[in-house]
Amino acid sequence: MYRAGVPPSSSKATQDAAPGMSSWKPLTTTDIDGIRVHDSGSGERATVLLHGLGNSLDYWTAVSPLLSTSRRVIAPDIPGFGLSRRPRPFDLDSISGSILQTLLGLGISEFELVGHSMGGLVALAIAAAHPTRVARLSLLDACIPTAVSILNQPAKALQHLGIAANLFAQFAGGLIPLGRVGAEALGRSADLRAIALWPFVHRPRLLQGELVAIALRNNGGLGGLDAARIASSVDYMKLLAGVAVPTYLLSGAHDRLIHGSDACVCSEVLDVRSAILLSDCGHWPMLEFPRATAEFLLG
């Protein structure tokens, strides 16, 4: 199902930088009714970026500038994560509803939707409930039926020990609030990155330190526990079956959270137009290969 994708910046396993950027800058943000939002660029096309479990909009630090040269880019801290308020009740409907209301408040009624990892559940929920508003759905390392099935039925962990172990690491990592000091320490030390980020990144030593320091500074929080509860209650196949918009898949070839059959399972239900397997990449393509990720989203 997947066709191989080679990061265009290099034939070797080096993470690509955005052209013309000698240093990374934090994304500009504003608060909209308790939701922290990055809003940049302009144009008729709007792309909405949803981060993964325990992460924040800062994970799009390298990708947003590349997209915003030709379109408007919106990246919220998903409610309950980053610096956004926690909705009540804290469930998939409330989270997706809050994001949609934020977008409508910004004057965005139709958009291209991107979901990374567990953020893909939110993206799927929005696309299923509001198909006329979603022109295109892109799932980045978010085609995860096997991982969700383990959350639904923990006994299945015995059948997929590697994915189960990585799933535990993902949730554990999502609970740890690094803060600015911790993120900057990871940015300075390739050794620390190798120790701390191996479940998420294929070659953590090669991550750009400045980018790591910015991207991970609002990482982690207790919302991860609630996210685990939400994910464990989701009927993933039913959620997929409710989505009827053109869908594009991008996954890292070395993503430890994705089973080899997951893309086929998703493609049997979703209207998949393209599926790319990014070489030398793990679970964080927006940090490992931001330019390749942006080119995929612009395609």
Side-chain angles (χ1 to χ4, degrees), residues 1-8 16 45 47-53 55 59-60 63 66-67 73 75 78 96 111-128 131 133-151 160 163 166-167 170 200-202 231 234-299:
M1 164 49 63
Y2 280 110
R3 63 185 177 88
V6 179
D16 57 349
R45 299 179 68 177
T47 296
V48 178
L49 306 172
L50 302 181
H51 61 76
L53 166 73
N55 305 152
Y59 271 61
W60 304 108
V63 170
L66 296 171
L67 299 179
V73 178
I78 292 177
S96 57
F111 45 87
E112 298 180 1
L113 187 58
V114 181
H116 171 244
S117 190
M118 290 292 177
L121 296 180
V122 181
L124 287 167
I126 294 174
R133 298 194 184 280
V134 180
R136 163 179 166 151
L137 174 64
S138 296
L139 300 176
L140 308 187
D141 292 276
C143 186
I144 48 175
T146 301
V148 174
S149 72
I150 292 171
L151 293 173
H160 306 284
I163 292 177
N166 193 262
L167 188 60
Q170 298 274 348
F200 317 101
V201 177
H202 179 46
V234 168
D235 186 334
Y236 191 76
M237 297 309 297
K238 182 179 180 180
L239 185 58
L240 290 181
V243 176
V245 302
T247 303
Y248 299 77
L249 308 179
L250 175 76
S251 291
H254 299 275
D255 189 338
R256 298 179 177 89
L257 196 64
I258 293 180
H259 189 270
S261 66
D262 283 348
C264 292
V265 171
C266 290
S267 296
E268 290 175 357
V269 183
L270 294 170
D271 178 15
V272 175
R273 304 294 178 86
S274 177
I276 301 296
L277 194 64
L278 197 58
S279 62
D280 286 315
C281 187
H283 191 62
W284 289 353
M286 72 289 292
L287 299 183
E288 296 177 74
F289 292 102
R291 185 185 301 168
T293 301
E295 290 182 356
F296 168 78
L297 296 177
L298 290 169

Worksheet entry | Atom pair CG (L278) and CZ (F296), whose distance is rounded to the nearest 0.5 Å | 10.0 Å
Discussion item. Please check: side-chain N/O of E288 versus main-chain N/O of G282, any donor-acceptor pairing under 3.5 Å?
Written reply: yes
Discussion item. Could you check whether any side-chain heavy atom of V114 comes within less than 4.5 Å of a side-chain heavy atom of W60, counting everything from C-beta outward?
Written reply: yes
Worksheet, complete the sentence: To the nearest 0.5 Å, atom CE of M118 lies from atom CG of L257 at 6.0 Å
Item to complete: Can you sort out the partners of R256 under side-chain contact (heavy atoms from CB on, under 4.5 Å), two or more places apart, ordered by chain and number?
Response: N166, W198
Fill in: Nearest-0.5 Å distance that lies between atom CG in L67 and atom CD in E112
9.5 Å
Fill in: Nearest heavy-atom neighbours spanning S267 and L249
OG-CD1, 4.3 Å
Worksheet item: What is the minimum heavy-atom distance between F289 and D280, and which atoms define it?
Response: CE1-O, 3.3 Å
Worksheet item: Does A142 have any side-chain contact (heavy atoms from CB on, under 4.5 Å) partners at least two apart in sequence or in another chain, and if so, which?
Response: L139
Fill in: Pairs meeting criterion ring pair (Phe, Tyr, Trp, His ring centres under 6.0 Å) with involvement of residues 234-258, two or more places apart
H202-H254
Discussion item. Working to the nearest 0.5 angstrom, can you tell me the gap between L250 CG and M286 CE?
Written reply: 9.0 Å
Worksheet item: Under 3.5 Å, side chain of T293 to main-chain N/O of P285, donor-acceptor pair present?
Response: yes
Practice prompt. Answer yes or no: is there a donor N or O on one side and an acceptor on the other, between the side chain of H51 and the main chain of I78, under 3.5 Å?
Written response: yes
Practice prompt. Looking only at non-hydrogen atoms, find the nearest pair between V243 and A127 and report the distance.
Written response: CG1-CB, 4.1 Å
Discussion item. Ignoring hydrogens and geometry beyond distance, is a side-chain donor-acceptor pair present between S138 and R136 at under 3.5 Å?
Written reply: yes
Worksheet, complete the sentence: In short, salt bridge (Lys or Arg N to Asp or Glu O under 4.0 Å) pairs touching residues 269-278 with sequence neighbours left out are D271-R273
Practice prompt. Please name all residues satisfying side chain to side chain donor-acceptor pair (under 3.5 Å) with T247, sequence neighbours left out, ordered by chain then number.
Written response: none
Worksheet item: Is there side-chain contact between L49 and L297, with heavy atoms separated by less than 4.5 Å?
Response: yes
Practice prompt. With sequence neighbours left out, write down each residue that passes side chain to side chain donor-acceptor pair (under 3.5 Å) with D141, or none if nothing qualifies.
Written response: none
Which atom pairs, one a donor and one an acceptor, fall under 3.5 Å between side chains of residues 143-151 and the rest of the protein, sequence neighbours left out?
from: T146; atom 1: OG1; to: D262; atom 2: OD1; distance (Å): 2.6
from: S149; atom 1: OG; to: P145; atom 2: O; distance (Å): 3.4
from: S149; atom 1: OG; to: T146; atom 2: O; distance (Å): 2.6

Fill in: Any residue meeting side chain to side chain donor-acceptor pair (under 3.5 Å) with H116, in chain and number order, not counting sequence neighbours
none
Worksheet item: Among all residues two or more places apart in sequence or in another chain, which pass the salt bridge (Lys or Arg N to Asp or Glu O under 4.0 Å) test with R133?
Response: none
Item to complete: Compare every heavy atom of L240 with every heavy atom of C266, then report the nearest pair and how far apart it is.
Response: SG-CD1, 4.1 Å
Practice prompt. Using the test side-chain contact (heavy atoms from CB on, under 4.5 Å), find all partners of S96 that sit at least two apart in sequence or belong to another chain.
Written response: V122, A125, I126
